[in-house]
Amino acid sequence: MEKREKLYEGKAKILYATDNPDTVIQYFKDDATAFNAKKKGTIDEKGVMNNSISCKVFEFLAQNGIPTHLVKKLSEREMLVKKVQIVQIEVIIRNRAAGSLCRNYGVQEGRHLARPILELCYKNDSFNDPLMNDDHVIALGLATEEELRTIKRLTLQVNELMKKFFLALNIELIDFKLEFGRHKGEILLADEISPDTCRLWEVGTGNRLDKDRFRNDLGNIKEGYQEVLKRVTGK
Ligand code: TMP
Ligand code: ASP
């Protein structure tokens, strides 16, 4: 596998071409941002930890019938993935209230929700990733009706699977964000699944084991990621 030119650099990852036009290398950086990059920093070894955690979660989801972009883990910070065209929507599921749901709707943090909330956001930093509904998605041509149905179905399945996956590690899945991509006509789960993109609370203590330690200056940031890594990989 030959690594070629840089294709794209985002806030937490870099994509590199390979000698195969159907695959790219996803490289995980230590950079961390929050609140649409108004807050910036680095978390030592975050890239290594998020790569490992993401690979394990994608493998688990694939074993349970979810189509994902993961081909294989290549190195500490690199994942080989199928090349996709990213659908410009961030799909969020909330099982308990936290973050922007509390800020925007005055809901008490930790409140149990009568049912999961599925949010669609426009993936566009210049506009602050605004919340949108199905009509926006279809009318603006971000996805077809069939693609949107598939994305929502897969997201709800991923929620049920990931809730069980983390609960077995004594971690409660509070909320998370997914991204999807198109590959040869198929919708695949893409991007990453890590403490950057999920809220993970330790069962019993309520300890935050995710990026909220960075967002909200809670301290021991690296240790949160390390704890998730340890539980997910058994190391
Ligand atoms: P929020 O409460 O800030 O809207 O975040 C909901 C979930 O989505 C949380 O698990 C963090 C994740 N998330 C991302 O992965 N990327 C983002 O840019 C944002 C805003 C949230
Ligand atoms: N990654 C996002 C950003 O910088 C936000 C977040 O995860 O809170 O802006």
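Numbering of ligands and ligand atoms starts at 1, following listing order.
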*Asks:* Other residues, nucleotides and ligands only: do more than 12 of their heavy atoms fall within 6.0 Å of NZ on Lys40?
*Replies:*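 Open: at most 12 neighbouring heavy atoms sit under 6.0 Å from NZ of Lys40.
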*Asks:* What atoms in ligand 2 come closer than 4.0 Å to a heavy atom of Asn36?
*Replies:*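 Once the distances to Asn36 are compared, the set is 3 (C), 4 (O), 9 (O).
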*Asks:* Which of the numbered atoms in ligand 1 are below 4.0 angstrom from a heavy atom of Arg215?
*Replies:*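 The list of qualifying atoms is 11 (C).
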*Asks:* Do you see a protein non-hydrogen atom under 4.0 Å from atom 7 (C) of ligand 1?
*Replies:* yes
*Asks:* For atom 14 (C) of ligand 1, what's the nearest protein heavy-atom neighbour? Residue, atom name and distance, please.
*Replies:* Lys177 CE, 3.5 Å
*Asks:* Please state which protein non-hydrogen atom is closest to atom 8 (O) of ligand 2 and give its distance, to 0.1 Å?
*Replies:* Arg215 NE, 2.7 Å
*Asks:* Do other residues, nucleotides or ligands put more than 12 heavy atoms under 6.0 Å from Gln108 CD?
*Replies:* no
*Asks:* Phe176 heavy atoms, cut-off 4.0 Å: which ligand 1 atoms fall inside?
*Replies:* 10 (O)
*Asks:* Check whether any side-chain N or O of Gln157 sits under 3.5 Å from a backbone N or O of Leu154 as a donor-acceptor pair, and report yes or no.
*Replies:*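 Side chain of Gln157 to backbone of Leu154, a donor-acceptor pair under 3.5 Å: no, none is there.
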*Asks:* Looking at Ala98, which atoms of ligand 1 are within less than 4.0 Å of one of its heavy atoms?
*Replies:*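 This gives 2 (O) as the contact atoms.
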*Asks:* Checking salt bridge (charged side-chain N to carboxylate O under 4.0 Å, His left out) between Glu9 and each of Lys6, Lys11, Lys13, which is the one that passes?
*Replies:* Lys6
*Asks:* Do me a favour and list the nearest non-hydrogen protein atom to atom 4 (O) of ligand 2 with residue, atom name and distance?
*Replies:*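 Atom 4 (O) of ligand 2 sits closest to the protein heavy atom Thr33 OG1, 2.5 Å.
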*Asks:* How close does the nearest protein non-hydrogen atom get to atom 4 (O) of ligand 1, and which residue and atom is it?
*Replies:*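 Closest protein heavy atom to atom 4 (O) of ligand 1: Ser100 OG, 2.6 Å.
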*Asks:* Counting both backbone and side chain atoms, is some N or O of Arg199 under 3.5 Å from an N or O of ligand 1?
*Replies:* yes
*Asks:* Check whether any side-chain N or O of Lys46 sits under 3.5 Å from a backbone N or O of Asp31 as a donor-acceptor pair, and report yes or no.
*Replies:* yes
*Asks:* State, with a plain yes or no, whether a side-chain heavy atom of Glu179 is found less than 4.5 Å away from one of Lys123.
*Replies:* yes
*Asks:* Would you say atom 20 (C) of ligand 1 makes contact with the protein, given that contact here means a non-hydrogen protein atom less than 4.0 Å away?
*Replies:* no
*Asks:* Would you find a donor on one side and an acceptor on the other, under 3.5 Å apart, between the side chain of Asn95 and the backbone of Leu173?
*Replies:* yes
*Asks:* Give the numbers and elements of all ligand 2 atoms closer than 4.0 Å to a heavy atom of Ala37.
*Replies:*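 Heavy-atom distances to Ala37 below 4.0 Å select 3 (C), 4 (O), 9 (O).
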*Asks:* Just one of Thr18, Asp19, Asn20 clears the side chain to side chain contact (heavy atoms under 4.5 Å, CB included) bar with Glu2, so which one?
*Replies:*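 Testing Glu2 for a side chain to side chain contact (heavy atoms under 4.5 Å, CB included) against Thr18, Asp19, Asn20 leaves exactly one candidate, Asp19.
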*Asks:* Using a strict 4.0 Å cut-off to heavy atoms of Asp196, name the atoms of ligand 1 that fall inside it.
*Replies:* 15 (O)
*Asks:* Taking atom CD of Glu76 as the centre, report whether more than 12 heavy atoms of other residues, nucleotides or ligands fall under 6.0 Å from it.
*Replies:* no
*Asks:* What protein heavy atom sits nearest atom 1 (N) of ligand 2, and how far away is it?
*Replies:* Lys211 NZ, 3.3 Å
*Asks:* Can a non-hydrogen atom of Glu119 be found less than 4.0 Å from any atom of ligand 1?
*Replies:* no
*Asks:* Using a 4.0 Å cut-off to any heavy atom of Thr197, which atoms of ligand 1 qualify?
*Replies:*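 Atoms satisfying the 4.0 Å criterion: 10 (O), 12 (C), 15 (O).
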*Asks:* Crowded around Lys222 NZ? As in, over 12 foreign heavy atoms under 6.0 Å?
*Replies:* yes
*Asks:* Could you list which atoms of ligand 1 come closer than 4.0 Å to a heavy atom of Cys198?
*Replies:*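 Near Cys198, meaning under 4.0 Å from one of its heavy atoms, ligand 1 has 10 (O).
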*Asks:* Under 4.0 Å from any heavy atom of Gly99, which atoms of ligand 1 are there?
*Replies:* 2 (O)
*Asks:* Relative to the ring of Phe127, is the ring of Tyr122 parallel (under 30°), tilted (30 to 60°) or perpendicular (over 60°)?
*Replies:*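 The arrangement is parallel - the two ring planes meet at less than 30°.
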*Asks:* Pick one: which of Asn220, Asp210, Asp196 meets side chain to side chain donor-acceptor pair (under 3.5 Å) with Tyr225?
*Replies:* Asp196
*Asks:* Considering only non-hydrogen protein atoms, determine which one is nearest to atom 2 (C) of ligand 2 and report residue, atom name and distance to 0.1 Å.
*Replies:* Lys11 NZ, 3.9 Å
*Asks:* Which ligand 1 atoms are under 4.0 Å away from a heavy-atom of Arg94?
*Replies:*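 That gives atoms 1 (P), 2 (O), 4 (O), 6 (C) of ligand 1.
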